[in-house]
Each structure stands twice: as C-alpha cells, then as structure tokens.
Amino acid sequence: MTDVLLPLSIAVPIVAATLPVALGRWDADVGWPVAAVTTLGLVGSAAAVALEVYTGGPFDHELGGFAPPIGIELVADELSAAVFLLVALVSAATLVLSRAIGPRGNAFHSAYLLLTGGLVGVSLTGDLFNLFVFLEIVGLTTYALIAADRSGASAYASLKYLVVGTVGASLYLVGVGYVFLATGTLNMADVSVQIVERASYTDPLVQAGFAFIAAGFALKIALFPVHTWQPDAYQRAPDAVTTLVAALVSTASAYALIRVTYSVFTVEFLAANDAITTGLLLVAGVSILAGSGLAVIQSDLKRMFAYSSVAQFGMVVAAVGIADETALLGGIVHLIGHGLLKFGLFCGLALLAAGYGARRVEDLASLARDAPFASGALAVLGLALVGVPPSIGFLGKWYIALGAVRSAGATGGVVGVGIAAVILASTLFTLAYVARVIERLYFAGVDRGDAERGSAAGHAGTPSGGPDGDAGTAVADGGGDAGPETIPTAPLAVLVAAALVAVGLGFAGAGFETLLDPYLTEVFA
Amino acid sequence: MTAASTAIAAQSALDVLGTRHAYVVFALLLCIGLYMMIANPNLVKKVIGLNLFQTAIFLLFIASAYVDGGAIPIVPSGGGTGPYVSPLPHVLVLTAIVVGVSLTAVALALCIRIYDEYGTLRVDTLRELLREEGSLPARPDLPGSEPGSDGGDGDD
C-alpha cells in the first residue's frame, strides 16, 4: 500500500505546480498556500516511505502496472529514502524562508513545486532514461529560478548554467545510449545483470558509456575543471533560491552518480577498470583542493560557500571512486550532511543579508551583537562544515578518510592515503575561511554604527565596486537601506533547528551505519 | 604483409564510413555543436550549438534502432512476421526532443532578458559591461584587481 506513495510524491508536486499559475488570475497570493500544503504532504509521504524502508526493507512500484524491465519502476531503498527525506525537509524549510524574504510570486511557487517534484523523481526512479528526464526537469526549473529576480546579471549566470548543465545532461544521455546499445535495456537493476550477460565489464562500449555518464555528472555536480557555472549561479540567484539550489540540486546529481555507479555498473566494474577509478579519484582530489583554495580567497559570502561546495562534492565523488564500504557510507553521510549544512549556511547568510545587508565578509563586523541567534547558528554550522566533532560534517569526512586509508592498506596503493591527506588539507582550508567569518562576526571589535560607515567607505574605495549589483541590497549609504535591522522569527527558528540537527546528527554515527548497512551489504556483496 | 594489413585497415575504415555513416555523422555533429558552444561569442549561436549537440544524440538513438530490412513496428492483430525496427529508441528520442525544445525556450527567454538589459548578445562585450557594472570581478591582469577574482569563467 505504501508503494503508491512513490508515484504520488512525484506526480502531486508536478500537478500542483500548475495551480499557482492557473489560479493566479483570481488570487495573487495563492502560490504560497498551495506550495505549503503540497510540501507538507511531501514531508509526510517521505516520513512514511522512510519508516517503511528502514523497518520493512526496500520496496518498489511498477508504473502503470507494466512489469520491469519493460515498464518503469520507482524504487525506495535505504539510500533513496534518505535523499527523499532530505529533499522534502529542505524544500519545506526553504518555503518558510521564502515567505519571509521572497521571492513570493505565483510563478516562483510553480517553479518551486516543479523543482521539488523533479528532485523527488531523481531520488526515486529506477530507470536510466527516466533519470535523464527528471534531471532535466530539475535543471530547467533551476535555470528559471536562478533568474527569478529579473536582473541582467542573474540571467547571464543562469544562461551559463543552462549551457553547461544541458551539456552535462546530454553527455549523460550519450552514456545511457551506449549502455543501452550494449545491454538492450534501461532498467537499472536489469542493466546491472545484462552488463555481465550480454557484454562484459571491460567492453569498450560499457567503459565509454560510464565515462560519458561520469563526465556528465561532473558537469552537473560542479567538480573542479567544470565548476565555473556554480559560483556565479549561487551568487546571482535570489537568496532563498540559492538556499534551495545549493542544498539540493547538486546533491541530487551526486546521488544519481552514486546510484548509477553502484546499482547499475556495480563495484566489480570499478574493480575491473583501474584507469576509470584513478581518473575519478584524481578529479575528486583536485576538486577538493581547488574548491577549498578558491573559497579561502573569496570575499563575497555566497561565492565563498559556493566554492566550498565544489570541495565537499569532491569528497563525495572520492568516496565513490575509493569503492570501499566505509568510504561509501561516508560519502552518503557527507552527501546528506552537506545538503543540510549548506541549507543552514545559505539560510543564515540570506537572513543576515535581508536584515543587515551583509553580503561580504567585512559587512559581518560584530553582527553577533545585533543578531546573536543567527550568528551563533552560522558559527555552529560553519564549524560543522569544517568537521569539528560532534557534527554531521565530521562524521562524513571521518568515514571517507577512514575508508580511504583502509583501502590503501588493503591494496597497498598510495591513492587512498593521498585522498586522506587531501581531505585533511581541505579541512584546514575550510577552517581558514570559516574562521574568517566567525572572527568578523564575534571579534571585529567595532560598534555596529561605525562598522557600517566603515564598510560603506570600504566599498566606495574598491575599484571593482563589489558584486552588490542586485538592486536594493548594497550597503551604499551608511546602512540607510541596509535592511530593517531585524531578522524574521520563523526562518530564524528554522535556522537554529538546522544547526541543532547538524550537531545532533553528529552523535548518530552508529545509527547511520545500522540504517544504511543493508544497502551497503547489497552493493558490496 | 604490412601493405596487406594497411589495405585491410583502409577497407574497414571505408566499411565503417559506408555502413556506419550515421555514427560518424553523430560524432561529427557532437563535436561541431560543442565547438560552437565554446568558440562562438554570440549567445544565440551558442544555443544553436547546444541544439546541434542534442540533435546528434537523437541521431545516435535513431541509428541504433534501425534494423536492415525492418518494418515499421506496428504488429497487426494475429501477429506479423518480423523483423521490425526497435520502437523504444524512437520513444526516447520523442521525449528528448520535448526536453530539448523546453530548454531552447528557456535559453532564448534568458537571451531576450540579457539583450533588453545590456543591448548586446556578444559574450565579450557583455563581460565588459558586467565588469563595469561590478557584477563580474575585475580582470585578473588589470592593476587593482582583487585577488579574489577566480578567472575561471573562460569555458562557457
């Protein structure tokens, strides 16, 4: 009976997405209630699915009653249930934020619902081509949302993302085409069987297929050499959109990479193709270092944490490439944890920007006096991102590094040790930029009034003028339009809750191991 | 011996061109589309390159579905006699075309917005305008540029 929830969780948001636009003719404010009711339903559905999966084991739903491999199936297992739950909770929390700081129009809520439906689709589908369609639904709505503030700069950032993102999805489709040619099927579970029966793990067609798929996902996830769309897109998007996109969109692509690598190509494929594994680890390692390094030298807050995402997703991809049970557990925990942390961080930045016009590191000077809760939550989330225990950020990194070292011990290779060293170096870099933020928040030692005048003068003196092109947010005249100097209560409560959850989950290492164990055992059987 | 093997290689290369020309065209179109996206400074032409890139993939699927002498895959009642061409890739391509059309629509809408705002569709001019407005970090080689400019925006 619970299996009907799977198609409903995808279809209801997508159908509901038509309502705000359709009813908008009569009621300009209908968007938020529709989105809120739908998303609350989604949270309930995600909770029910997760409960069923973690107590009764994985289950699936055959769409239209056509049995796979002919028909499309939706699968809820330990991994997809976790991602589904993250998608539902973060979407619901973002709605609280967007209610307070905008964007508010009906068109925004339609796109928001489409995005949510697409993300749920990515996390639940069990069919390679269906995954492509959902990835494109996610992509399309993300491009629209990033340009939602109607400025020229955001349109340019969005178009850049559109071109790169579409190339990524198209490369994925080429890879799926190759795999389809080799196996004659598109159902994930069936492909993993047919690769052995009709082809082999060293078949050039299968290898090329995986290479195309991995390259496509690298573009979508924003790994180092092809990450350039991401900082612009995150920085230019409206704050609430950045929160949603940073927490979920790349996460969904990274989830899809884990899913396709381990459920379709399987760990034997990785073992049989050393060159591919080495390539994955190389890209991941460079991403971790470059992303952290670039984050340190940013002065725009959103850009800083955008580059940090490049590094964190590098770790998740490294966990995929290491092909070790502990490392993959770490990869999944870090995937979920990073989504949660980035939601909290961008939510905190959005609130400080809305309340005090703080967009750059220097604007944060001594804000902790005026906004103690938001600053405190931001500091906690930042330290969790560094990986200070107990926090979800520590757990993910710990398991990945542990898995890397263990696999190095098992095979005698230097690659695993290298990845562990890179993770440690990245942790230091992360500390460097998070410490800058915390230092400005708490120890700038300036009176707020002086600080604002000082930062305004600093802006006028910068030749590049700073990236505060978005109208109405620049700290231009001594704090006159720097915002209402307060922070709305409802999103603040969400932010504090996110910080508490990030710390609380740090104690749940054993819980993650138990919950994900059936999936890991199946994958590494 | 070497001459013979060269002849065989040339023969098989010709064979590939003769019998697998659709796949060769697929690879060519893919590369042309990618090149247009990278090299052409005009945003609309970048979108056209994107369309070319996607069309190449449609061709891959359609070519893979073709069976020599195959009939249209409509089986009459009572069952017909094969062979039929594979209908599945056709359906996939239909879906992919729909996705491609929506993407093109969004891309062109963004191009219109950019043109309204800046009056140009050329990337180089656009970058200059964005720098002047402060939306892009100053060029790294200019004096007084901030060290934070990442300079990594060269591959779109």
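Naming convention: chains lettered A, B, ... in sequence-line order (proteins, then strands); numbering from 1 in each chain.
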request  = Could you go through the side-chain contact (heavy atoms from CB on, under 4.5 Å) check for B:Gln54 and A:Leu173 one step at a time?
outcome  = CA-CA 9 Å; B:Gln54 291 179 313; A:Leu173 187 58; over 6 Å; no
Which atom of [X] lies closest to which atom of [Y], heavy atoms considered:
X: A:Ala153; Y: B:Glu133; answer: CB-OE2, 4.1 Å
X: B:Ala96; Y: A:Phe129; answer: N-CZ, 4.3 Å
X: A:Ala155; Y: B:Ile114; answer: CB-CG1, 3.8 Å
X: A:Leu162; Y: B:Leu103; answer: CD1-O, 4.1 Å
X: A:Arg150; Y: B:Glu117; answer: O-OE1, 4.4 Å
X: B:Leu110; Y: A:Ala147; answer: CD2-CB, 3.6 Å

inquiry  = Does atom CG (B:Asp68) have a neighbourhood of more than 12 heavy atoms from anything else shown, all under 6.0 Å?
reply    =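 Atom CG in B:Asp68 is not packed in, count stays at 12 or less.
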Report, as yes or no, whether the 6.0 Å neighbourhood of atom OH on B:Tyr115 holds more than 12 heavy atoms from other residues, nucleotides or ligands.
->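 Counting other residues, nucleotides and ligands, OH of B:Tyr115 stays at 12 neighbours or fewer.
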### Query
Does the A:Tyr156 side chain pair with the main chain of B:Val123, one donor and one acceptor, at a distance under 3.5 Å?
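Checking the backbone N and O of B:Val123 against the side chain of A:Tyr156, no donor-acceptor pair under 3.5 Å is found.
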key: Most contacts with chain A, counted as non-hydrogen pairs under 4.5 angstrom, among B:Val99, B:Leu30, B:Ile57, B:Leu43   =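 Answer, by heavy-atom pair count under 4.5 Å with chain A: B:Ile57.
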Q: Please list, in residue-number order, every residue in residues 85-94 of chain B that has a heavy atom less than 4.5 Å from any heavy atom of chain A; write 'none' if there are none.
A: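 B:Leu88, B:Pro89, B:Leu92, listed by number.
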Measure the spacing between [atom1] of [X] and [atom2] of [Y] and express it to the nearest 0.5 Å.
X: B:Leu60; Y: A:Phe180; atom1: CG; atom2: CZ; answer: 10.5 Å
X: A:Glu136; Y: B:Thr95; atom1: CD; atom2: OG1; answer: 12.0 Å
X: B:Lys46; Y: A:Lys160; atom1: NZ; atom2: NZ; answer: 10.0 Å
X: B:Leu50; Y: A:Ser170; atom1: CG; atom2: OG; answer: 6.5 Å

Q. With respect to chain B, which residue among A:Leu181, A:Ile137, A:Val296 yields the maximal number of heavy-atom pairs within a distance under 4.5 Å?
A.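 That would be A:Leu181.
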> Can you say whether B:Phe26 sits under 4.5 Å from chain A via the side chain, the backbone, both, or neither, judging by heavy atoms?
Replying inline: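 B:Phe26 touches chain A through side-chain heavy atoms alone.
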Which atoms of B:Ala56 are under 4.5 Å from chain A, going by heavy atoms: the side chain, the backbone, both sets, or neither?
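No part of B:Ala56 comes within 4.5 Å of chain A.
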